[in-house]
There are 2 protein chains.
Amino acid sequence: MSTIMDKSRGLAAERLADELREDILAGRLPSGARLGEVALAERFAVSRGPVRAALNLLSEAGIVTIVPNSGARVREMGRADARALYEIRAALEAEAAMLAASRAAPETAARFGDLLDQHAGEIAAHPEGAYLQGGGDRDFHMVVARMAGNPLILRYLARELYPQLSLLRVKHRNVVGRGAEALNEHKRIATAIADGDAEVAGLLMRRHIRNSWTALEAQLSETAGETE
Amino acid sequence: MSTIMDKSRGLAAERLADELREDILAGRLPSGARLGEVALAERFAVSRGPVRAALNLLSEAGIVTIVPNSGARVREMGRADARALYEIRAALEAEAAMLAASRAAPETAARFGDLLDQHAGEIAAHPEGAYLQGGGDRDFHMVVARMAGNPLILRYLARELYPQLSLLRVKHRNVVGRGAEALNEHKRIATAIADGDAEVAGLLMRRHIRNSWTALEAQLSETAGETE
DNA sequence: GAGATGAAAATTGTCAACAATAATGGATAA
DNA sequence: TTATCCATTATTGTTGACAATTTTCATCTC
């Protein structure tokens with residue numbers, strides 16, 4: 001479980017950051033909500049010092065915006081932010097898929113097989129897109145990122161990109177019925193990785209991310225016009 | 001100059017982080033050097049609060065490692081770290097080149113022309129690799145990153161990747177005579193971007209980074225064996 | 001002499017109060 | 001009524017002191 005326990009500093013700050021992130025990504029703290037230091041301090045029964053550290057952490061993760069001398073708020077993601085997010089995601093995950101393929105071990109195929117079987121079960125149980133929301137999709141991408149063997153890519157995806165993606169989804173209720181298609185694409189990517197075919201794995205992953213973006217973009221159009 | 005003034009929090013912390021980063025990347029604070037909070041606090045005539053914030057900032061940038069309850073030190077970069085750095089760099093800068101090409105404006109060619117002429121002059125003046133060390137190389141890559149129009153890519157390169165690259169170079173005195181070759185590769189990349197040829201721009205950039213890695217890797221072999 | 005033990009010293013983590021800055025609201029004038 | 005100015009209030013930035021943890025090193029034991 002505990003793969004990367006970075007613990008940037010101090011135990012309290014890390015705990016606060018975890019709880020706050022959970023609240024934000026669960027939608028309990030909506031976009032734009034003010035994060036006053038004193039309120040958070042008394043909520044967590046702690047001083048303002050750790051609270052500030054936690055807010056800085058979440059700011060680095062990109063789910064909180066801090067205006068100096070003014071305060072911290074839950075970040076508001078616009079359409080341009082979403083596009084930028086999917087662009088860098090395509091680059092990093094395609095690279096991760098290529099690296100994973102080039103470093104594929106004999107047991108790789110089996111590992112993917114178990115994971116994807118489990119995901120197929122989840123989709124059968126909840127046909128209406130729980131796959132994309134419930135973490136199954138995230139699981140697959142995390143496995144690929146770990147297999148890539150590059151701590152920098154893994155760290156960026158886990159600590160910045162995925163949290164921002166979640167923030168985007170919690171706002172726009174992105175639960176298209178793309179679960180089955182996504183699973184099929186995952187299977188082809190897994191095959192390419194297990195075969196050690198880096199070029200195809202990278203291409204398929206890039207296409208997979210682009211499809212995901214296309215689906216999300218359609219939903220973004222339906223929602224309100226953007227602020228900035 | 002001041003393109004992204006993120007100012008994570010507080011003015012003091014940002015100033016301290018800037019000065020410390022300068023010291024580290026100039027080699028005045030060598031890899032592994034201890035960064036005691038009290039010493040830094042009295043050096044900058046400030047309390048320990050902002051010092052801690054600055055250290056957290058530099059830790060996020062990847063040039064300082066913090067061990068909870070123990071302290072902060074200048075990060076020591078091993079061979080594996082260098083490899084990971086160049087892998088993610090290839091992915092991000094190739095993507096940046098592609099995006100820059102797809103968004104190329106009419107004045108793009110002229111802008112590159114000026115920059116590269118200036119760099120050619122620098123190389124003529126200092127034939128022994130000042131190009132790669134003195135910032136000319138960095139300039140080119142920053143221009144491409146900005147032209148990509150993706151704030152996430154630009155931010156990662158400017159705030160994490162390039163500082164770590166500098167840290168790597170200050171340790172291993174990486175000043176190969178690759179200046180002239182690098183400039184030529186820059187010119188071809190610039191042409192592809194100005195032509196709007198995303199695919200070629202991406203390919204050339206990826207190759208350029210790989211060449212840079214090959215040169216650095218040779219130097220790393222000459223140096224000592226790695227710690228971790 | 002090598003290793004374990006434990007107290008002392010140094011360093012980081014946390015707290016509560018003070019200073020500086022920004023947000024708020026009411027009074028005044030056009 | 002609306003806009004502007006200024007005092008009030010609330011919030012963030014910083015500080016110095018205290019608590020907790022780690023590191024150091026002298027001592028003891030084998």
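Keep in mind that the numbers below use all heavy atoms, side chains included, and drop hydrogens, waters and symmetry copies. All chains are named by letter (A, B, ...) in the order of the sequence lines, taking the proteins before the strands, and each is independently numbered beginning at 1.
Among the nucleotides dT12(D), dG13(C), dT14(C), the one closest to the side chain of R48(B) is dG13(C). The side chain of N69(A) has dT21(C) as its nearest neighbour among dT12(C), dT14(D), dT21(C). For S47(A), taking side-chain heavy atoms from C-beta onward, the closest of the listed nucleotides dA16(C), dG13(C), dT12(D) is dA16(C). Of the candidates dT14(C), dG13(D), dT14(D), dT14(D) carries the atom nearest the A12(B) side chain, counting heavy atoms from C-beta on. The listed nucleotides are dT21(C), dT11(C), dC15(C); the one nearest the side chain of V46(A) is dC15(C).
Ring geometry for Y86(B) versus W213(B): interplanar angle of 30 to 60°, hence tilted. Relative ring orientation between H186(A) and F140(A) is described as parallel, the plane-to-plane angle staying below 30° on a 0-90° scale split at 30° and 60°.
When rounded to the nearest whole Å, the span between CD of E37(B) and C1' of dT21(D) equals 13 Å. Atom-to-atom, CZ of R52(B) to P of dT15(D) comes out at 14 Å; the value is rounded to the nearest Å. Here dT14(D) presents its P atom at 10 Å from CZ of R15(B), a figure rounded to the nearest Å. Look at CG on L11(A): it is 13 Å from C1' on dT22(D), rounded to the nearest Å. The separation between I66(B) atom CD1 and dT22(D) atom P is 16 Å, rounded to whole Å. One can place CD of E42(A) at 15 Å from C1' of dC15(C), the figure rounded to the nearest angstrom. Rounded to whole Å, the distance from CG on N56(A) to P on dT14(D) is 11 Å. Whole-Å rounding puts the R73(A) CZ to dA22(C) C1' distance at 13 Å.
Here R15(B) does not pair with D18(B) in a salt bridge; the nearest charged N to carboxylate O distance is not below 4.0 Å. Residues E95(A) and R206(A) are not paired through a salt bridge, judged by the lack of any N-O separation under 4.0 Å between the basic side chain and the carboxylate.
As judged by a 4.0 angstrom heavy-atom cut-off over every strand, G36(A) is placed among residues touching the sugar-phosphate backbone only.
Summary of the strand contacts: P50(A) and S70(A) both lie near DNA chain C, and taking for each the nucleotide with the nearest heavy atom, the more 5' one is attributed to P50(A).
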### Working for side chain to side chain donor-acceptor pair (under 3.5 Å), residues D137(B) and H119(B)
CA-CA 8 Å; D137(B) 178 71; H119(B) 290 174; over 6 Å; no

